[in-house]
Amino acid sequence: MIANILTNRIVNDIAGGTAQGVIIGLVALCLVLVWRATRVLNFAQGPMAMFVTYIGMTQMDHHANFWVAAAISVAVGFIFSALTEIVIVKPLYHKAEINPIVVMVGMFTLLEAVASAVWTNIPRYPTAPFSSINFQSEGNPTGLSPLSTFQIGAALAIMTLVAILFNYTSLGLKLRASALAPEVSKLLGIRVGRLLTLGWGIAGAVGAVAGVVISLNPGGLAPNMLDAMFILGFIAAAIGGLDSPLGALVSGIVIGVVMQLINDYWNSNYADMVAVVLLVVVLMLRPQGIFTKNSTRRV
Amino acid sequence: MSGTFKRLAWVLGGLVAAIAVASIQSGTDAANLTKAGAYCIALVGLSFLTGWSGQISIGNSGFMLVGGYSAAFWTLHHPGEPVAISMIVAIAVSAFVGLIIGMPATRLRGPYLAGMTLAFAVALPYVPQSFAVSTLGGSQGLTITPLSAPQWFFNLFDTNNTLPVVINSRFTAMVSVVIAALVLWLMSNLFTSKTGRAMRLVRDNDVAAELVGLHLGRTRAQAFVLTAALSGLAGALLVMVSGTASPSTYEFGFTFSIALLTLMVLGGIGSLSGAIIAALLGVYSLQITTWITDHTGLGPDSWVSAKLPNLAPNMENILFGILLIVTMIFAPRGIVGLATGLRQKLISVTRR
Amino acid sequence: MSSTPVATTSSTLLELDAISVRFGGLAALTDVSFSVNPGEIVGLIGPNGAGKTTAFNVACGFVEPTEGSVRLPKSGLTNPQPSQLARAGVARTLQGVGLFENCTVLENVMAGAQSRPGGRFWTSLLGLPHGQKELKAEALSVLDRLGVADYAAQMPTAIPYGIAKRVAVARALIARPSLLLLDEPASGLDEAELDAFAELIRGLRSEMGVLLVEHNMDFVMPLVDRLVVLSFGKVIATGTPSEVRQNPAVIEAYLGVDE
Ligand SMILES: Nc1ncnc2c1ncn2[C@@H]1O[C@H](COP(=O)(O)OP(=O)(O)OP(=O)(O)O)[C@@H](O)[C@H]1O
Ligand SMILES: [Mg+2]
């Protein structure tokens, strides 16, 4: 009975889809963190994560083990993202809405080109400390492997950490205050500028975790490895409402599962299309996303 | 300038440009100019959307794909009909798709819109590739007879027995430049007109714009339809010249949307002359990059290239990425803005 | 002047009928009714946060009333959308400056005539004449009427506040409205400017009805025909300035809450 459920095709799809969906949710979470802190949609999120993942994971060529390499990625991810905020994003906060978008698009082009110049376009396959062969139940494969279990676990762990940081620590309170009411926070003596930088840093670290986890997928590590994931992450974040971390996770999982089902029962080429159609439909019905409240216009 | 005089100036300018282009000797330059004309049209469309109506799109390559495929599809099924009809069909179909994409777009704020259009551009090439293999040719795409020079053109411009291929490129370059000039003229009309003003009002102050009677959604959607129509025309032009529309056409992929955005910003957002400069920049970017690397010691023989053999093919994007960031931070009005600033400074210096 | 409040005749320009607006738990307006007739200058006053701007926003369709309805009897509209107002003969100036910052002063005034027929997309695209030259001349004459024609070529960010406020009025007037809504038009004007401005509004009476929100009592009292006093979202008094001045509820509202 249980064995039947564990190896059932739909159940497997849901399990596998959830694994990918949690990763989509993780990418979406990075976008949400940056958006909440600074009202910038980071179009270079994918390449930034890719870049620092390369920096860390290529250390495995120099005899670092997987965990050390991953830790380097995350640390560099934090520093790199914080520096990006200081150097190229800060000058644009009070400019037109499109300026930071354009700058981050420039960053996108730059980082992918530099990565391709340094590491070439040939994918690398970091050796994961986990097997990618699915667990078996009475001789039939289930939907999860040790590797995908690790991927889900890592993503959920980092999300929990972020949730605890923002909701249960005084630093988190300050972070939220500087993002939501910068003027008031300044009056209260909070150093808003630094906290916004910290917000970007945290998003960069989370992005690096996503990068490391995704580099263990069959596609491996390549300069454009996060392009598709970024689009899906954006779709998840936008459906969730860009302001809601929980919304990002839930929509990420929904998208992951839906895409897995389409892959399995229909045609893998249609999966991206369906995600975009889903986005257009949701935005037509609720332009502010599903998980955020409608805001009234100031007249 | 009075209306008739202005119109005359445009016609003369276009004519001179056309003749100049048609007598270009190098086939490569002619082919490049053909492309530049199409790029210019696409850039004007994007520049209008961003500069005048204040919306952003990273999905215009998608509209180019729609236009290109529509033109190819129509030509395949109606052989022998005038090229102009294919172009008009392309404009109509892409305008319609622009309306569909523009409808949610009109209710979205900048970043949502940018992301949504990007997602559209990323996903769109899958449509001909997998949804409509039988009608749109799958990953092979559609192939049509490319545009070729008519006899009168040969008679007029074949002075010293040039290769027919070169004559053909000169003809397509002329066609492309003339269409681009026409588009520039129409858009310059629009800018000073009531419709053009409506776009700017909505961008500047949406509350006040509603109070003077403008429907925000309708005005924004109109801008979107127009940008889609122009992108579609550009796509159609490229396809009519090359003879193929395929999912892997460079101009139909989302990276070209990013390239368009980059070029538009470098040229100068919302500026027509900026669009011309940007189009040339886009077409000659490889030559410019090579020139820069050769003159800065980063060329293929340098020590950097010895260490990073893959640097050379990526140099173009590295340069453009840096340029885009630097421009946006230090000169957000692009080359045209810099030139205007410089001219004003010169004037004020000479007056002193 | 008639002292009967809320007299609704068939020619009424604007009619708020039992309007209530709630923002979450906050009752911004409760059961508010009043109307504006042609040739009448009506003042809407009340302490800070009384709901005056909200009443304007409801009248213009920016805020949807929780209960009640807004009517523009002359054009037959009920609960109009903001973009329908101009065509229905209603013009409004905004609290603050509210000009189009990237358009010249002249273009700002021309924008006020945006809802006039003519100048469709194709005419615009082909560069055919669509009355822009005539409109430019008209805009200049309206600017002249307000005494700010010298600023026509300037950008709104480069002109003094008092001038900008008059440009905003010019933008409203070029639409030749039958009802003019002014939200704190006198803020930031000096004594001399105030007098001139009051004179101008008085002069409009023959062409339109005016509803104005204003804190400056020295400006409002001698100017208006009728007052509607709001406090905590409720109409506590209506009538001529002299009637309202003696109303104990009004005195209490102002003494108790404001100043
Ligand atoms: N969009 C909104 N959402 C929530 N509350 C609002 C909104 N608009 C106004 N309010 C509240 O409704 C009340 C009435 O506000 P309103 O702006 O109408 O007052 P006012 O009379 O114009 O005040 P002032 O003289 O200060 O301009 C205030 O308490 C205000 O905070
Ligand atoms: Mg107010």
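Predicted, not measured: the structure shown is a model, and the values here were computed from it.
- If you take CD1 on B:Ile56 and CD1 on A:Ile101, they are separated by 4.5 Å, rounding to the nearest 0.5 Å.
- More than 12 non-hydrogen atoms from other residues, nucleotides or ligands lie less than 6.0 angstrom from CD1 of B:Ile292.
- In this view, A:Glu85 and A:Lys90 satisfy the salt bridge (Lys or Arg N to Asp or Glu O under 4.0 Å) rule, not counting sequence neighbours.
- Interface remark: B:Thr327 contributes no atoms to any contact with chain A (heavy atom separation under 4.5 Å).
- Closest of all the heavy-atom pairs between A:Ser116 and B:Asn314 is OG-ND2, 2.6 Å.
- Neither the backbone nor the side chain of A:Trp119 comes within contact range of chain B; no heavy atom of the residue lies under 4.5 Å from a heavy atom of that chain.
- Between B:Asn317 and A:Ala113, the closest heavy-atom pair is CB-CB, 3.5 Å.
- Contacts between B:Ile269 and chain A at a heavy-atom distance below 4.5 Å involve the side chain alone, from C-beta outward.
- Annotation for A:Tyr93: atom OH counts as buried by contact number, over 12 foreign heavy atoms lying within 6.0 Å.
- Both the backbone and the side chain of A:Ile88 come within contact range of chain B, judged by heavy atoms closer than 4.5 Å.
- Of the candidates A:Val105, A:Val103, A:Val102, B:Ile325 forms a side chain to side chain contact (heavy atoms under 4.5 Å, CB included) with just one, namely A:Val103.
- For B:Tyr284, the OH atom is densely surrounded, since the number of other residues' heavy atoms within 6.0 Å is greater than 12.
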*Would you please test A:Ile231 and B:Phe254 for side chain to side chain contact (heavy atoms under 4.5 Å, CB included) and show each step?*
CA-CA 11 Å; A:Ile231 299 288; B:Phe254 81 92; over 6 Å; no
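- More than 12 non-hydrogen atoms from other residues, nucleotides or ligands lie less than 6.0 angstrom from CZ of B:Arg200.
- To the nearest 0.5 Å, atom CG of residue B:Leu113 and atom CG of residue A:Leu41 are 11.0 Å apart.
- Listed here is the closest heavy atom pair of A:Phe43 and B:Ile58: CE2-CD1, 3.8 Å.
- Among all heavy-atom pairs drawn from A:Pro91 and B:Ile329, the shortest one is CB-CG2, 4.1 Å.
- In this structure, CD on A:Glu112 lies 7.5 Å from CD1 on B:Ile258, to the nearest 0.5 angstrom.
- Residues B:Ile318 and A:Leu110 approach most closely at O-CD1, 3.5 Å, considering heavy atoms.
- Within 6.0 Å of the CD atom in B:Gln140, the count of heavy atoms belonging to other residues, nucleotides or ligands does not exceed 12.
- Taking B:Leu319, B:Leu261, B:Thr262, B:Val326 one by one and counting their heavy-atom pairs under 4.5 Å with chain A, the maximum is reached by B:Leu261.
- Here the closest heavy-atom approach between residue A:Leu279 and residue B:Ala119 is recorded as CD2-CB, 4.4 Å.
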